[in-house]
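Scroll down for the structure; my scribbles are underneath it.
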Amino acid sequence: VYVMNNRRSRFLVRWAVSVLGLWVASELLGSESLSFEGRVSAVIISGLILAIINTLIKPIVVFLTLPAVLLTLGIFMVVINALMILLAAWLYGPLEVSGFGIAVITGMIIGLVNWLVSMILEDKK
C-alpha cells in the first residue's frame, strides 16, 4: 500500500508541476503562443494529459532514442520534451501550441518549474 501511495504521490506532484509549468509558460509566452481557450479547467486537464504522457510514453521514446540522447549529452531531451508537449496539444484540442519552438521553450519552463519544486520539496525533508 505504501508503494502505491508513493507512486500516486509522485504522479500527483508530476501533474501539479505540469499544470504550474504550462500556466507559467502561457503567462511568459503570451496567449498567441500557448493558450488554453482561457479556461482554468483546460490548464488542469492539459497538465493531466502531459503528466500521463510523461509517465507512459516518454520513457519509451527516451529508450528508443537513447543513442541520440547519449550522443548529444542529453540535449536531445529538449526535443523529446517538446514532442511530448506537441503530443498533448494534439490529443487535447483546448491546448494550443503555436509551433515547435514554443514547445521547446515550454518544455524548458516546465523543467525549470520542476527543478524549483524539487528544491522546495527536498528542503522540507
Side-chain angles (χ1 to χ4, degrees):
V1 174
Y2 177 73
V3 173
M4 183 59 122
N5 286 337
N6 192 16
R7 281 187 192 152
R8 190 177 306 142
S9 297
R10 283 195 319 241
F11 180 78
L12 290 174
V13 169
R14 181 176 282 182
W15 180 10
V17 166
S18 295
V19 169
L20 182 60
L22 286 169
W23 178 76
V24 168
S26 71
E27 291 295 315
L28 292 174
L29 299 172
S31 60
E32 313 80 44
S33 301
L34 182 67
S35 70
F36 307 95
E37 295 182 349
R39 297 188 339 239
V40 173
S41 62
V43 180
I44 294 168
I45 294 169
S46 296
L48 175 62
I49 291 170
L50 187 58
I52 291 169
I53 288 170
N54 285 338
T55 300
L56 300 176
I57 297 172
K58 186 177 176 181
I60 296 167
V61 173
V62 170
F63 178 75
L64 293 174
T65 61
L66 198 55
V69 172
L70 294 174
L71 192 61
T72 62
L73 303 175
I75 295 174
F76 192 71
M77 288 300 296
V78 172
V79 173
I80 293 172
N81 289 337
L83 292 173
M84 298 303 107
I85 291 165
L86 290 173
L87 177 60
W90 181 72
L91 290 172
Y92 185 60
L95 171 59
E96 295 180 11
V97 181
S98 65
F100 184 75
I102 296 300
V104 167
I105 295 168
T106 301
M108 290 179 175
I109 292 170
I110 293 171
L112 180 61
V113 169
N114 187 27
W115 178 76
L116 289 171
V117 169
S118 296
M119 295 302 288
I120 291 168
L121 291 178
E122 285 179 11
D123 284 347
K124 298 206 182 227
K125 287 182 181 177

To the nearest 0.5 Å, tell me how far [X] [atom1] sits from [Y] [atom2].
X	Y	atom1	atom2	answer
R14	N54	CZ	CG	6.0 Å
T106	F100	OG1	CZ	11.0 Å
Y92	I53	OH	CD1	12.5 Å
F11	I52	CZ	CD1	4.5 Å
F76	L83	CZ	CG	7.0 Å
R39	L95	CZ	CG	11.0 Å

Would [X] end up clustered with [Y] when hydrophobic side chains under 4.5 Å apart are linked, directly or stepwise?
X	Y	answer
M108	I75	no
L66	L71	no
F63	L87	no
L73	I80	no
I45	L91	yes

Using side-chain heavy atoms (C-beta onward) and a distance below 4.5 Å, is [X] in contact with [Y]?
X	Y	value
L29	I102	yes
L50	I110	yes
T72	M77	no

Could you report the tightest heavy-atom contact between G47 and S18, atom names first, then the distance?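 For G47 and S18, the tightest heavy-atom pair comes out as O-CB, 3.5 Å.
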Closest approach of A25 and L34, non-hydrogen atoms and distance? CB-CD2, 3.6 Å
Tell me if a side-chain donor or acceptor on S26 pairs with a main-chain N or O of W23 at a distance below 3.5 Å. yes
